[in-house]
Amino acid sequence: MSDMTEEEAYELDELLTKTTPEVDPSVKGPFITHRNMMVFLDPLSAQYLTAKMLATKQSPTEIISDMVRREMALTRE
């Protein structure tokens, strides 16, 4: 890919500065889809996750991700 000339860079800057992007709010992107994913835990699981979080200084997401990966590794064997 070749570098842009000063003139091309200026024209691109003008285009992006003066035009408003068109978005469709009815279309949900990957970040919105994942944000709406919610998991409810029973009290015992929530207590375990909280204790593990405090002991390891990891986020709940990291702990759950590690647990899932361990489970997947065990099923491969």
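Hydrophobic clustering keeps Tyr10 apart from Met4 (ILVMFWY residues linked when any side-chain heavy atoms are closer than 4.5 Å, directly or through intermediates). Both Ile64 and Met72 belong to a common hydrophobic cluster when Ile, Leu, Val, Met, Phe, Trp and Tyr are linked at side-chain heavy-atom distances under 4.5 angstrom. One hydrophobic cluster holds both Tyr48 and Val68 under the rule that ILVMFWY side chains link at heavy-atom gaps under 4.5 Å.
Looking at every heavy atom in both residues, Leu49 comes nearest to Pro60 through CD2-CB, 3.9 Å. The shortest non-hydrogen separation linking Ser45 to Asp42 is OG-OD1, 2.7 Å.
Atom CD of Gln47 and atom CG of Leu41 lie 11.0 Å apart (nearest 0.5 Å).
Test Leu15, Thr19, Asp13 against Thr17 for side-chain contact (heavy atoms from CB on, under 4.5 Å) and you get one pass: Asp13.
By the neighbour-count criterion of 12 heavy atoms within 6.0 Å, atom CD of Glu6 is sparsely surrounded, having that number or fewer from other residues, nucleotides or ligands.
With contacts defined as side-chain heavy-atom distances shorter than 4.5 Å, the pair Asp66/Gln58 qualifies.
A side-chain donor-acceptor contact under 3.5 Å links Thr50 to the backbone of Ala46.
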